[in-house]
Amino acid sequence: FEPGKYVADLQTHWAAEGGNASYALLTRCFLLINSTQSRIKIVDTLVNMLRVVIEADPSSLLPTVWLATNSISPPYISLELGLGGSAISKALKTVCGLNSKSLKSLYDKHGDAGDVAFEAKKKQSFTLRKAKPLTIKGVYQSLVKIANTEGTGSGEIKQSVVNKLLQDARGAEESRYVVRTLCQHLRIGAVKTTMLIALSRAFILSRPPGADFELRSQQDLAKLKKEKLAEVWSKPEDIVKACFAKRPNYNDIVTVLLEVGVCDELLVRCGLKMHIPLLPMLGSITRDLSEMLTKLQGRNFSCEYKYDGQRAQVHCDTDGKVSIFSRHLELMTDKYPDLVALISKIRGDGVDSFIIEGEVVAVDQDSGELKTFQTLANRARKDVAIGSVKIEVCLFSFDLMYLNGESLLERPFRERRELLRSLFTEIPNQFTWVKSIDATSQDPEAVLEFFKSATEMKCEGIMVKILDNLPNVSLPDGLTEEVSAVTVVQNTGKGKKKIEKDKYIPKKFGRRKALLATYEPDKRLDSWLKVKKDYSMTFDTLDLIPVAAWHGQGRKSKWWSPILLAVRNEETGSLEAVCKCISGFTDTFYRANVEKYNKDEGINVLGGKPGYVEYEGGHPDVWFEPQEVWEIAFADITISPTYTAAIGLVSDEKGLSLRFPRFLKVREDKSIEEASTNDFLAGLWRKQEEKAPTKSADDYNE
Ligand code: ATP
């Protein structure tokens with residue numbers, strides 16, 4: 001860590017009129033971030049920019065965090081900019097004096113609206129009025145105004161705010177980032193985790209005016225060795241990440257951080273709260289049942305049907321108010337009035353407030369037959385009136401995270417499940433528990449039978465969850481009662497004594513001893529494993545972004561085929577090409593795809609290869625505007641001299657590619673920010689290498 005890095009540089013940009021942090025500071029930070037691929041440098045730059053804001057103008061910290069994470073509110077508060085691309089084009093024409101032809105040629109050349117704004121501003125030869133320097137607060141407030149403007153005349157009002165932002169943007173760089181922000185495609189590799197890390201470090205290093213918490217001086221930190229520094233960072237990072245996982249709203253976290261800094265009180269003040277969704281716990285992928293059984297040796301686990309529906313987090317408070325959130329934390333209470341009505345009926349005696357989680361699945365409520373995900377997807381998304389519901393659903397519940405004012409996250413899964421199943425009332429084909437069996441690795445036959453029954457019931461496979469914090473081993477006498485995730489109570493002659501649980505776990509369980517049965521929001525751990533039917537037929541899947549294509553041959557000459565697919569690099573924000581795909585598409589799909597990415601009409605296509613795509617293996621006929629995620633099955637991952645995906649993670653010169661990629665479906669539920677990453681791909685490759693001998697680059701056959 002370089003505490004002073006860029007601080008002086010950033011400080012020269014900080015102040016705008018009235019002592020408010022200027023947008024120039026943020027622009028400078030974005031530029032510095034864009035000039036490097038190193039995650040360490042990205043974090044350092046962000047830390048130092050945040051420090052400047054915390055110390056010089058703390059009231060701008062919250063807007064800074066929102067703008068740097070390219071959002072203005074958490075997903076569960078619907079605050080959409082609702083700007084079409086035409087608003088930006090109009091503003092560029094008005095402010096920079098461009099005509100349609102020159103604007104189009106800039107778009108054709110650069111593809112990215114921000115880059116177009118950069119060039120347009122450079123060419124601008126006049127000013128409409130005296131520009132007022134943009135401040136971070138001012139830009140954020142403008143975005144909020146755009147989002148909140150509704151009704152008649154809202155188009156003009158939004159347009160005038162956009163025009164004003166572009167007029168006031170000083171120079172080409174500010175224009176670039178203002179426009180990228182308006183398009184909600186900032187392209188700096190500062191995603192959520194980076195921001196949380198940077199916030200925690202910035203607070204350790206800064207002393208906000210009036211704050212009474214003790215902070216380390218940067219000189220102290222500069223003297224520390226790398227390992228020691230990692231230790232100093234790690235606890236505050238964990239605290240901030242844990243807060244965000246339970247309360248994913250910067251409005252709350254930043255406000256409390258400014259009051260108390262990074263400390264345990266933050267955890268208390270930003271814990272679980274009714275009607276604010278927590279980030280869901282995630283499952284790790286396993287290739288097949290045998291890998292799952294190996295991983296969970298020595299543990300008691302529950303195998304559950306993995307239903308093909310939509311994940312729902314249901315909050316119900318003492319007054320009976322219900323909120324339902326999606327996997328990505330969007331509020332979908334309006335989509336499911338039938339579920340809202342159901343919730344009052346499932347609440348058993350003594351249940352006051354609660355948060356449960358389950359999968360909403362389309363069903364035939366008379367026969368209980370499960371319907372496909374596609375059927376559920378056909379249900380209207382908003383403002384559904386209860387009488388007009390045509391696609392009936394059942395909520396298959398699988399977890400209980402909060403009960404009567406108390407968080408249950410720290411309790412083992414067996415206990416949470418017991419509470420769920422004993423305190424709530426089942427209503428056949430409307431509200432029930434996920435079908436499950438309890439097993440251990442000693443019961444492969446039973447697990448296989450269960451897996452088969454899941455696939456016969458149109459489920460995607462099974463979810464396997466550890467039930468208890470401790471492995472299934474006999475403990476020394478007196479060591480029985482679990483009091484928390486990490487301690488047990490021993491009855492000694494003189495009374496009860498708390499002991500670190502790990503001490504009693506035999507070494508043969510290796511790292512598995514660390515697996516707890518607690519609910520870990522936002523974590524993908526081996527305590528929840530997914531075994532999908534595709535995997536057990538030895539096909540893995542990835543969620544990839546289509547970025548380019550070639551004209552098809554023969555019958556397919558009017559269509560795009562093959563299509564070039566990419567993974568995301570979270571650190572740099574770039575898209576790394578991973579394979580060309582030609583199979584799994586239907587003719588109908590090809591036809592629709594040509595309409596969607598129509599080069600002649602200039603729809604969703606770029607003028608050339610955008611700088612953020614990494615691919616040197618050829619010259620596609622068309623470059624797509626990245627906007628979709630496709631689920632792709634494949635047989636193997638191979639080291640590739642042609643593709644750059646995960647380059648630097650498994651080899652310095654070579655990337656990874658997929659053998660026999662096959663299109664499965666468009667992931668309508670995923671945005672490109674949720675596509676598979678280069679890290680994830682490298683992880684899958686490592687797992688594959690553990691199981692099978694390495695395929696050399698020579699084996700690679702495109
Ligand atoms: P992820 O949600 O893990 O990021 P993903 O979107 O690709 O990845 P899947 O691989 O399909 O999702 O698996 C996880 C999803 O399975 C959960 O988010 C949930 O919606 C669904 N699911 C179905 N049945 C269960 C169950 N019994 N327990 C947990 N999740 C379940």
Side-chain angles (χ1 to χ4, degrees), residues 192 245 277-287 292 301-314 324-330 332 356-363 370-373 376-377 393-401 413 416-417 420-421 431-438 450-451 453-455 457-467 517 519-536 539-544 567-568 570 629-633 664-677 679-681 683-684:
K192 179 192 84 192
L278 60 147
L279 284 162
M281 178 160 177
L282 305 168
S284 297
I285 293 175
T286 50
R287 275 181 90 74
M292 180 279 283
F301 53 79
S302 161
C303 298
E304 299 176 349
Y305 277 9
K306 183 174 184 310
Y307 296 87
D308 198 4
Q310 180 175 30
R311 190 165 181 164
Q313 195 185 115
V314 181
I324 305 176
F325 301 97
S326 72
R327 149 90 173 78
H328 300 296
L329 311 190
E330 279 129 4
M332 48 175 198
I356 54 177
E357 206 175 27
E359 189 84 350
V360 181
V361 186
V363 293
L370 302 177
K371 303 280 177 72
T372 60
F373 174 75
L376 182 71
V393 295
C394 176
L395 176 62
F396 289 90
S397 59
F398 51 76
D399 221 312
L400 175 66
M401 294 96 96
F413 181 49
R416 300 198 306 276
R417 190 181 67 171
L420 175 68
R421 296 190 179 186
F431 173 81
T432 182
W433 337 117
V434 289
K435 193 168 165 59
S436 72
I437 55 161
D438 291 354
F450 185 75
F451 182 82
S453 77
T455 54
M457 291 298 289
K458 296 198 195 122
C459 288
E460 285 188 297
I462 57 171
M463 295 291 297
V464 185
K465 303 174 182 176
I466 286 190
L467 281 163
Y519 189 102
E520 300 289 337
D522 202 28
K523 289 199 182 148
R524 198 183 289 285
L525 302 171
D526 281 355
S527 41
W528 270 34
L529 295 177
K530 314 188 252 201
V531 192
K532 292 195 192 178
K533 52 185 173 199
D534 270 350
Y535 304 157
S536 45
F539 272 96
D540 236 324
T541 65
L542 280 170
D543 294 324
L544 303 176
V567 289
R568 262 174 340 115
E570 268 191 327
V629 179
W630 292 359
E631 187 170 355
I632 303 290
L664 293 182
K665 63 175 182 225
V666 176
R667 291 292 307 245
E668 312 260 354
D669 56 329
K670 284 206 168 178
S671 66
I672 58 171
E673 282 76 27
E674 289 155 335
S676 305
T677 61
D679 269 336
F680 183 75
L681 173 67
L684 281 188

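Just so you know, residue 1 is the first one in the sequence shown, and it goes up from there. For ligands, and for the atoms within them, numbers begin at 1 and follow the listed sequence.
With sequence neighbours excluded, the residues satisfying salt bridge (charged side-chain N to carboxylate O under 4.0 Å, His left out) with Asp522 are Lys192. Scored by the side chain to side chain donor-acceptor pair (under 3.5 Å) test, Glu674 finds His328, Ser671 as partners (sequence neighbours excluded).
In the displayed structure, Lys435 atom NZ is contacted under 6.0 Å by at most 12 heavy atoms of other residues, nucleotides or ligands. Residue-environment remark: NZ (Lys523) stays at or below the threshold of 12 foreign heavy atoms within 6.0 Å.
Residue-ligand proximity, Lys465 to ligand 1, at heavy-atom distances under 4.0 Å covers atoms 26 (C), 28 (N), 29 (C). For ligand 1, the atoms sitting less than 4.0 Å from at least one non-hydrogen atom of Glu460 are 11 (O), numbered in the order shown with element in parentheses. In summary, the atoms of ligand 1 found under 4.0 Å from a heavy atom of Val434, numbered by their order in the structure, are 27 (N). Using a 4.0 Å cut-off to heavy atoms of Arg327, the atoms of ligand 1 that qualify are 1 (P), 2 (O), 4 (O), 18 (O).
Taking the centre of each ring, Phe450 and Tyr305 come in below the 6.0 Å mark.
Considering backbone and side-chain atoms alike, Arg524 places an N or O below 3.5 Å from some N or O of ligand 1. For ligand 1, one of its N or O atoms has an N or O atom of Lys532 under 3.5 Å away. For Glu359, a nitrogen or oxygen atom sits less than 3.5 Å from a nitrogen or oxygen atom of ligand 1, counting backbone and side chain alike.
Among His328, Met463, Arg311, Arg667, the residue whose heavy atom lies nearest to atom 26 (C) of ligand 1 is Met463. Evaluated by nearest non-hydrogen atom to atom 15 (C) of ligand 1, the leading choice among Lys306, Glu304, Glu631 is Lys306.
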- request: Before giving the answer on salt bridge (charged side-chain N to carboxylate O under 4.0 Å, His left out), spell out for Glu570 and Arg568 the whole-Å C-alpha distance, their side-chain angles and the decisive distance to 0.1 Å.
  value: CA-CA 6 Å; Glu570 268 191 327; Arg568 262 174 340 115; 3.7 Å; yes

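For the ligand labelled ligand 1, residue Lys670 lies inside the 4.0 Å heavy-atom shell. Contact analysis puts Tyr305 in contact with ligand 1, with a non-hydrogen atom separation below 4.0 angstrom.
Here Gln310 has no heavy atoms under 4.0 Å from ligand 1, in either its backbone or its side chain.
Side-chain polar atoms of Tyr519 and Glu357 form a donor-acceptor pair below 3.5 angstrom.
Checked for salt-bridge contact, Glu359 and Arg311 miss the test: no charged N lies under 4.0 Å from a carboxylate O.
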